[in-house]
S.K.: 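Take a look at the following structure, please.
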Amino acid sequence: KENKKTRKGKEYKSIRDLARSGIADEDRFELWRKGSNTKDEYQQMYQDIKEELFCDIDMNEFPQFPRFGSACTFNRLRSAEEHKNNDRNLLHASQRILLTLAMEHDALKYCPQLGYIVERMLLDRNASESGVF
């Protein structure tokens, strides 16, 4: 049973107030990283895998990438690329991330939320491809 003193504590009230006020856009990606318990070594691992596997592959020519049962069409990534003049190809980044996840976690077959999570995280201007992985 919940200890009633917990709700009266200063730390609890502070966290509650922060949660109710929302998260600033510049802090959102960092919250995703902390909430998913990522480590910096995973970013380096992804960079190494990406350089090895995708160095000679044209992602425009890639026939299919894993979707893990998701109906996500990545339209927000496509529209973000059309409206912004940046050198990040977000759609290709999402494909590389999902391919790497499929290879690194071959038991993962069905996770329909994954495409939406990758899409949302890549749209964050503070996100990096390796950070999203």
Side-chain angles (χ1 to χ4, degrees):
K1 193 168 181 177
E2 179 184 344
N3 183 350
K4 293 184 181 187
K5 290 182 181 179
T6 302
R7 290 184 178 218
K8 294 181 180 180
K10 186 177 181 180
E11 292 173 357
Y12 175 86
K13 289 180 180 180
S14 173
I15 291 172
R16 182 193 63 203
D17 292 343
L18 286 171
R20 288 180 178 170
S21 68
I23 300 160
D25 285 342
E26 61 270 6
D27 298 331
R28 194 170 299 275
F29 183 68
E30 190 62 29
L31 181 70
W32 276 98
R33 289 191 61 212
K34 288 182 178 182
S36 60
N37 200 26
T38 62
K39 298 178 182 173
D40 291 336
E41 61 196 51
Y42 297 154
Q43 291 185 42
Q44 186 57 50
M45 179 183 80
Y46 176 75
Q47 287 291 41
D48 295 342
I49 292 170
K50 178 180 154 186
E51 289 173 13
E52 182 180 328
L53 292 177
F54 301 113
C55 65
D56 296 330
I57 294 178
D58 180 3
M59 294 306 286
N60 290 319
E61 303 285 325
F62 204 85
Q64 189 174 359
F65 62 96
R67 309 229 355 226
F68 300 100
S70 177
C72 183
T73 58
F74 299 97
N75 286 334
R76 293 190 303 177
L77 294 181
R78 287 186 179 98
S79 64
E81 290 172 0
E82 292 168 3
H83 291 58
K84 292 180 182 175
N85 247 344
N86 61 10
D87 58 349
R88 286 193 334 159
N89 189 324
L90 299 176
L91 185 60
H92 290 171
S94 69
Q95 293 170 344
R96 285 189 296 269
I97 290 169
L98 292 172
L99 282 165
T100 305
L101 284 170
M103 290 184 293
E104 288 296 306
H105 304 283
D106 58 349
L108 181 61
K109 303 290 184 214
Y110 184 75
C111 185
Q113 308 89 327
L114 199 53
Y116 295 104
I117 292 170
V118 168
E119 179 185 44
R120 175 62 188 100
M121 290 181 74
L122 282 171
L123 287 171
D124 190 311
R125 60 188 159 102
N126 297 312
S128 65
E129 183 177 339
S130 59
V132 171
F133 174 78

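Side chains included, hydrogens not; waters and symmetry mates left out as well; all remaining heavy atoms used. Model, not experiment: these values are computed from the prediction.
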S.K.: Check the hydrophobic clustering (I, L, V, M, F, W, Y; side-chain heavy atoms under 4.5 Å; chains of links allowed) and say if Leu99 and Leu53 are grouped together.
M.R.: yes
S.K.: Which atoms form the tightest heavy-atom contact between Pro112 and Gly69, and what is the distance?
M.R.: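 Nearest heavy atoms, Pro112 then Gly69: CB-O, 3.7 Å.
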S.K.: Nearest 0.5 Å, please: how far is CZ in Arg76 from OG in Ser94?
M.R.: 12.0 Å
S.K.: How would you list, by chain and number, every residue that makes a side chain to side chain donor-acceptor pair (under 3.5 Å) with Gln44, sequence neighbours excluded?
M.R.: Asp48
S.K.: Tell me the salt bridge (charged side-chain N to carboxylate O under 4.0 Å, His left out) pairs involving residues 96-108, sequence neighbours left out?
M.R.: Arg96-Glu129
S.K.: So, taking the atom named CG in Asn89 and the one named CD in Gln95, what distance separates them when rounded to the nearest 0.5 Å?
M.R.: 8.0 Å
S.K.: Could you tell me whether Glu52 atom CD has more than 12 heavy atoms of other residues or ligands within 6.0 Å of it?
M.R.: no
S.K.: Would you call His92 and Leu77 a side-chain contact if the rule is heavy atoms closer than 4.5 Å?
M.R.: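 No. Closest side-chain heavy atoms not under 4.5 Å.
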S.K.: If I compare all heavy atoms of Phe29 with all of Ser128, which pair ends up nearest, and what's the gap?
M.R.: CZ-N, 4.2 Å
S.K.: According to ring pair (Phe, Tyr, Trp, His ring centres under 6.0 Å), who are the partners of Phe133, at least two apart in sequence or on a separate chain?
M.R.: Tyr46
S.K.: Does some side-chain heavy atom of Phe74 sit less than 4.5 Å from a side-chain heavy atom of Leu122?
M.R.: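 No, every pair of side-chain atoms sits at 4.5 Å or beyond.
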S.K.: Is there a path from Ile97 to Tyr116 through hydrophobic residues (I, L, V, M, F, W, Y) whose side chains come within less than 4.5 Å of each other?
M.R.: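 Different hydrophobic clusters.
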S.K.: Who pairs with Asp40 by side chain to side chain donor-acceptor pair (under 3.5 Å), at least two apart in sequence or on another chain?
M.R.: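 Only Arg33 meet the side chain to side chain donor-acceptor pair (under 3.5 Å) criterion with Asp40.
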S.K.: With sequence neighbours left out, what residues match Ile117 under side chain to side chain contact (heavy atoms under 4.5 Å, CB included)?
M.R.: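 So Ile117 forms a side chain to side chain contact (heavy atoms under 4.5 Å, CB included) with Trp32, Gln113, Met121.
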S.K.: Does Asp58 have any side chain to side chain contact (heavy atoms under 4.5 Å, CB included) partners at least two apart in sequence or in another chain, and if so, which?
M.R.: Asn60, Glu61
S.K.: Quick check: closest heavy atoms across Phe68 and Leu108, and the distance to 0.1 Å?
M.R.: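 Where Phe68 meets Leu108 most closely, the heavy atoms are CE2-O, 3.4 Å.
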